[in-house]
Amino acid sequence: MARPKQRTRRKQSAHPRGVLNVHASGYGFVPTAEGEFFIPERAMNGAFDGDLVEVAPASSGPHARKGRKGNSRQGDDKPQARVLRVLDRAHDTLVGRYEVAEPFGVVVPDDPRIPYDIFTMRADAPDVPDGALVRVRIAQFPTRHSAATGVVEEVLGQAGDGTLGVDVIIARHKLETRFSEAALAQAAEAALDAEGALAQGYRDIRDRFAFTIDPADAKDFDDALSIDFVFADALEAPSLASFGDSDAFADFKKGKRGLWRLGVHIADVSHYVPWGSSIDLEARRRATSAYLVDRVLPMLPPALSDELCSLKPGEDRRCMTVDMYLDDSAQVVAYDAYPALMRSRARLSYDDAQAVLDGANPPVSGEGDALEQRIRQCDAIAKKLAAFRRSQGSIDFASTEAKVRLDADGKPLAIVLRTKTDATELIEQAMILANETVARHLAGQEWPCLYRVHEKPSADALAALVPVFQEFPWFTEAMHAHLIMGNPHTIQGILAATAGRPEHELVSSLLLRAMKRAVYKPVNDGHYGLGLSAYCHFTSPIRRYPDLVVHRMLRAALTKRSGCFDQEVQALPWLAEHSSEMERIADAAARESQELKMIEYLAASLGQAFSGIVSGVSVHGLYVRLECTAEGFLPIRALGAEYFAFDPDRYTLVGEETGKAYRLGQRIAVMLKAADPLTRTLEFRLA
């Protein structure tokens with residue numbers, strides 16, 4: 001007798017999952033392990049930007065591929081899907097404009113990527129004025145059949161307040177603005193105790209000529225430099241070490257040669273912020289200071305960040321010092337790390353230091369020639385270090401930083417552009433060398449550390465640039481193969497080949513976009529961008545928690561301490577992830593605050609013509625960056641009546657009738673049509 005066929009239940013395959021990224025126009029994308037999916041506005045199913053969602057791909061038919069004009073910024077090749085359900089919400093509160101609509105108070109989110117209004121009961125908050133900006137806590141998220149509801153938690157201000165836009169940015173990113181009473185009390189009780197420091201084994205280096213160079217508006221001076229030419233027999237350096245035996249180190253120890261001693265002195269924050277203390281818990285949550293356009297949200301209470309830990313001239317300070325002994329080619333022959341008691345001799349701004357190097361002004365200090373000589377020697381060493389790093393594969397993208405100068409009421413007065421100078425390079429190279437030295441020391445000791453890791457770009461990301469680069473005569477077949485492999489010298493060569501050429505902006509921006517973001521990790525995976533096998537952040541413990549962690553690790557390695565050290569080591573993985581995320585959030589808030597005031601400043605220039613660079617190309621139109629770095633949108637309808645085809649591989653819009661092409665990196669003349677500071681948007685038309 002034949003066996004009957006058994007009905008087997010088909011196992012349902014898991015649906016793709018990923019974080020939803022919503023565009024201001026309403027559509028979105030979800031990158032998943034199965035690839036990236038396009039989500040039309042009608043298929044959001046109540047999901048917000050940033051939510052972790054599960055999606056159902058369109059299986060067949062005309063909607064399996066979106067292929068419709070006006071829906072994507074990056075092309076027509078991504079499969080379409082719909083949001084099945086939200087697995088994890090990114091927002092429990094939102095910031096928006098409060099509108100009275102009895103019996104409701106409706107909160108319209110200020111973030112254009114969240115198209116759902118939040119309904120509150122007017123009776124629950126009858127005193128909130130119409131038009132106020134508020135923070136609302138969401139009680140029920142929207143569905144296909146019901147609206148979102150919530151409760152007003154805080155009134156942030158009224159439209160027209162000069163600081164209100166920044167307050168909204170702070171609230172949206174959930175940045176902390178207040179310290180606990182316990183943390184403030186602990187910071188207030190902290191004291192220098194110079195004699196106690198010396199008794200604990202701190203070296204007294206107050207006779208060293210140390211100085212600080214920082215931005216003109218800085219309040220927290222957490223790093224100082226010193227430079228001397230020394231011989232071994234004049235040193236008290238019992239822990240002097242080298243990364244390997246060398247003739248230069250042997251000759252130095254025997255007194256046969258002298259070396260340059262470059263000292264990097266960093267505020268000893270770890271002494272005042274022990275693991276698990278009230279201040280530590282607050283600093284750990286923040287993970288970084290946030291430098292906004294009109295204020296700083298410090299990681300540490302001001303009693304520490306602006307006072308006791310700040311290396312002010314003429315005042316004794318505890319520090320962690322790394323002395324690096326360099327030969328005439330600026331190679332590290334030996335190094336020494338230790339806690340010390342130091343005193344800065346002078347405080348300079350970057351402009352002050354640059355004026356010294358340019359010979360325009362004497363140094364701002366009673367020390368006169370001694371300070372000028374040291375600044376010039378540090379500059380000479382920095383140039384040698386930079387050249388050596390380039391030879392080792394370091395990649396340097398030239399960048400311009402925009403800062404908006406405000407008046408006392410928060411109104412923008414001007415946009416100031418900052419570019420790299422010899423003075424900023426001087427500090428940057430010294431700090432990189434100190435960070436590398438500490439990382440190599442801890443890695444060599446196989447001691448726990450929180451490393452700063454930068455992975456090489458993916459081959460796919462670099463291969464996507466080849467069709468664009470092949471249009472230019474300088475791009476060779478040899479470059480093709482080495483670029484895809486991520487060879488840093490090839491990337492250097494491409495940047496050098498395009499310097500001064502019209503396509504330089506295009507090439508530089510595409511290469512920069514292909515790079516991965518540097519993150520913190522408890523494992524040493526090297527730093528691709530700097531061309532270093534080991535790197536960490538050590539030089540800014542006032543404003544970065546990972547630096548504070550590294551200070552504790554270094555001190556533990558030097559003293560072989562135990563105590564709660566095991567707890568700190570076990571916390572390294574989540575501290576790395578948390579610090580990386582908080583850095584991203586603080587950077588976004590800082591960027592948005594600058595954009596807000598930039599657009600507020602540009603709003604007075606409606607109808608004015610500007611020269612700009614095409615910084616993005618989509619089926620909707622062009623993104624244009626002005627020389628002041630502000631970016632706006634030029635809609636495709638403003639390009640003319642003809643149809644423009646979007647080429648996602650070459651980042652171009654091409655007119656089908658005239659052949660007129662607009663491409664990434666192209667310079668065009670535009671006229672400012674609209675500026676909205678609250679949404680941080682500019683709209684252009686062709687000039």
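Side chains included, hydrogens not; waters and symmetry mates left out as well; all remaining heavy atoms used. As the structure is a prediction and not an experimental result, all values here were calculated from the model.
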*Can you list the steps and then say if E631 with R680 is a salt bridge (charged side-chain N to carboxylate O under 4.0 Å, His left out)?*
CA-CA 9 Å; E631 187 179 66; R680 305 188 313 283; over 6 Å; no
_Side-chain touch Y325/W260, heavy atoms, less than 4.5 angstrom_ = no
*Answer yes or no: is there a side-chain heavy-atom contact under 4.5 Å between R389 and D396?*
no
*How are the rings of Y535 and H537 set relative to one another: parallel (under 30°), tilted (30 to 60°) or perpendicular (over 60°)?*
perpendicular
*Given side chains that start at C-beta, do those of C536 and L450 come closer than 4.5 Å, heavy atoms only?*
no
*asked:* Tell me if the aromatic rings of Y451 and Y520 count as close, with their centers under 6.0 Å from one another.
replied: no
_Quick one: does any side-chain atom of N435 pair with a main-chain N or O of M431 as donor and acceptor, under 3.5 Å?_
yes
*Cation over ring face, K597 and Y601, 6.0 Å, 45°*: no
*Test item: Q666 and I613 side chains (from C-beta on) under 4.5 Å apart, heavy atoms*: no
*Check the pair S329 / D327 against side-chain hydrogen bond (donor to acceptor under 3.5 Å, both in side chains), numbers first and verdict last.*
CA-CA 5 Å; S329 62; D327 61 19; 2.8 Å; yes
*Under 3.5 Å, side chain of D214 to main-chain N/O of F221, donor-acceptor pair present?*
no
*asked:* Parallel, tilted or perpendicular: which one describes the rings of Y27 and H620, with boundaries at 30° and 60°?
replied: parallel
*Decide whether a cation-pi geometry holds between R440 and F243; the criteria are a distance under 6.0 Å from NZ or CZ to the six-membered ring centre and an angle within 45° of the ring axis.*
yes
*Say whether, by atom type as modelled, one donor and one acceptor occur between the side chain of K383 and the main chain of E425 under 3.5 angstrom.*
no
*Keeping the roles fixed (side chain from T498, backbone from E503), state whether a donor-acceptor pair exists under 3.5 Å.*
no
*asked:* Could you tell me if the side chain of M320 sits less than 4.5 Å from the side chain of V438, heavy atoms only?
replied: no
*Heavy-atom side-chain proximity of L664 to S509 below 4.5 angstrom*: yes
*Is the backbone N or O of G529 less than 3.5 Å from a side-chain atom of H454, with the two atoms forming a donor-acceptor pair by type?*
yes
*asked:* Has S242 got a side-chain atom pairing as donor or acceptor with V333's backbone, closer than 3.5 angstrom?
replied: yes
*Just wondering, do E455 and Y528 contact through their side chains at under 4.5 Å, heavy atoms?*
no
*Could you pull out the closest heavy-atom pair between A248 and R257, with the gap in Å?*
CB-NH1, 3.3 Å
_Flag side-chain contact, heavy atom, 4.5 Å: I432 against L532_ = yes
*How many angstroms lie between CG in L511 and CZ in R513, if you round to the nearest 0.5 Å?*
11.0 Å
